[in-house]
2 protein chains.
Amino acid sequence: MAKYKLTYFDLPGFGEPIRWLLSILGDEFEDRRLSREEWPSIKPTTPFGKVPTLEFEGQVVAQSTAICRYLGRKAMLAGDDDLEALQIDMVVDVIHDIRQALSGARYETNEEVKVKKLEELNKETLPFYFEKLDERVEKNNGYLANGKLSWGDVFFVALMGRIKEAVGYDLTEKHQNLKRLNDTVLSLPQIKKWNESHNKSV
Amino acid sequence: MAKYKLTYFDLPGFGEPIRWLLSILGDEFEDRRLSREEWPSIKPTTPFGKVPTLEFEGQVVAQSTAICRYLGRKAMLAGDDDLEALQIDMVVDVIHDIRQALSGARYETNEEVKVKKLEELNKETLPFYFEKLDERVEKNNGYLANGKLSWGDVFFVALMGRIKEAVGYDLTEKHQNLKRLNDTVLSLPQIKKWNESHNKSV
């Protein structure tokens with residue numbers, strides 16, 4: 001029996017960073033992908049009405065970021081001490097700020113407000129954050145924190161595809177250090193192998 | 001010189017859980033509170049254009065959740081192992097989901113959509129999450145995770161004031177276990193002392 005069972009939809013989304021970290025860990029895992037039809041019957045069985053969930057050692061946990069941090073620790077990719085862990089956590093929280101700004105603009109229902117929000121997003125918010133992150137990668141030997149690979153890098157690159165899709169262009173193109181980080185993570189043997197067998201388009 | 005310097009606005013907000021955790025830690029800290037006038041000149045000096053920031057050991061870090069997790073570790077309130085840390089992180093991520101649902105409804109600009117979103121929030125989303133959290137506290141000896149106090153409890157109670165203000169009623173009133181948790185955290189000697197000298201209204 002697989003050590004871990006991931007339950008998510010049949011798409012990358014918030015399941016993908018978990019799949020990548022599980023691939024890096026190398027433990028066998030079940031990648032359960034729910035159909036739209038299955039979801040209503042599964043939803044009430046989850047800890048907080050959402051997927052992804054991860055089942056292991058007789059328990060079911062939720063929340064993709066918390067799960068990724070845990071798997072990052074197991075894979076020795078969560079920093080060598082509390083300060084390094086903090087640096088990773090800070091950058092991951094910034095990724096969530098970026099996501100939230102994105103959602104705020106994309107799901108705005110007032111067309112006039114939406115146009116304004118999207119303009120602010122594309123002209124100010126996203127360039128600001130990506131420049132800040134790019135500087136960090138430049139100073140950190142090609143990684144987001146601590147001069148070495150962490151689960152934060154895996155998390156960032158796994159969600160970049162989603163962000164790219166949302167904004168309609170590749171934000172790393174203008175930021176050479178982030179582009180390099182993207183390539184570094186996608187070239188990790190376990191992630192490369194995972195993508196080759198699961199994500200033909202990456 | 002104080003070991004830590006917290007920079008935030010002169011309000012509870014995202015600074016308060018940090019202030020509470022610093023009070024628990026017991027290290028002397030500077031509680032710098034920016035005026036509206038100061039903020040524009042401080043903003044560009046922060047790591048990601050936002051406060052709170054925490055300065056210590058020659059570095060400046062941002063992101064309140066990452067900072068609270070770090071201080072929680074220092075205060076031995078971050079779980080005894082990776083699994084316990086995961087349980088705390090999961091609940092903290094749920095608190096962010098609640099916050100996000102709240103913001104999504106409150107800052108909706110279309111009045112018609114806003115009414116609908118607020119109704120869904122008050123009738124479905126908030127009761128759902130608070131019931132789930134209440135169940136956890138019941139099963140965990142009066143705390144959100146692992147049967148003992150963690151930085152997640154401090155974080156939750158510190159932000160509850162904000163949530164209460166936002167929704168206009170006290171969500172813990174209907175949930176006896178959460179109410180008990182609220183009282184437990186507010187009765188911690190260091191937090192009690194902090195509130196007595198800083199937050200007359202708590």
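Chain letters run A, B, ... following the sequence lines, proteins first and then strands; every chain starts at 1.
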Residue among A85(B), G49(B), A62(B) with most heavy-atom pairs under 4.5 Å to chain A: A62(B)
Need one label for F48(B): side chain, backbone, both or neither, based on atoms under 4.5 Å from any heavy atom in chain A. both
Going from CG on L34(B) to OH on Y8(B), what distance comes out if it is rounded to the nearest 0.5 angstrom? 10.5 Å
Side chain, backbone, both or neither: which part of E135(B) has a non-hydrogen atom closer than 4.5 Å to chain A? neither
Pairs of heavy atoms under 4.5 Å with chain B: top-ranked of K50(A), K132(A), M90(A), K74(A): M90(A)
Out of F56(A), Y4(A), W151(A), which one pairs with Y70(A) under the ring-ring contact (aromatic ring centres under 6.0 Å, His included) rule? F56(A)
Using a strict threshold of under 4.0 Å (side-chain N to carboxylate O), is an ion pair present between E16(A) and R19(A)? yes
V61(B) portion near chain A, given a 4.5 angstrom heavy-atom threshold: both
May I ask you to check whether Y169(B) and N122(B) show a side-chain donor-acceptor distance below 3.5 Å? yes
Is a side-chain donor-acceptor pair under 3.5 Å present for S35(A) with E38(A)? yes
Which answer fits I88(B), side chain, backbone, both or neither, if we ask what part of it has an atom under 4.5 Å from a heavy atom of chain A? neither
Between chain A and each of T65(B), D93(B), D89(B), count heavy-atom pairs under 4.5 Å; write down the option with the most. D93(B)
For a quick check under 3.5 Å, do Q59(B) and Q87(A) share a side-chain donor-acceptor pair by atom type? yes
Output the option from N110(A), L133(A), L83(A) having the highest count of non-hydrogen pairs under 4.5 Å with chain B. L83(A)
Drop me the distance from T53(B)'s OG1 to L6(B)'s CG, to the nearest 0.5 angstrom. 7.0 Å
Top contributor to chain B contacts, counting heavy-atom pairs under 4.5 Å, from S64(A), A78(A), G104(A), P47(A): P47(A)
Select, from V92(B), V113(B), V91(B), D97(B), the one with the greatest count of heavy-atom pairs under 4.5 Å involving chain A. D97(B)
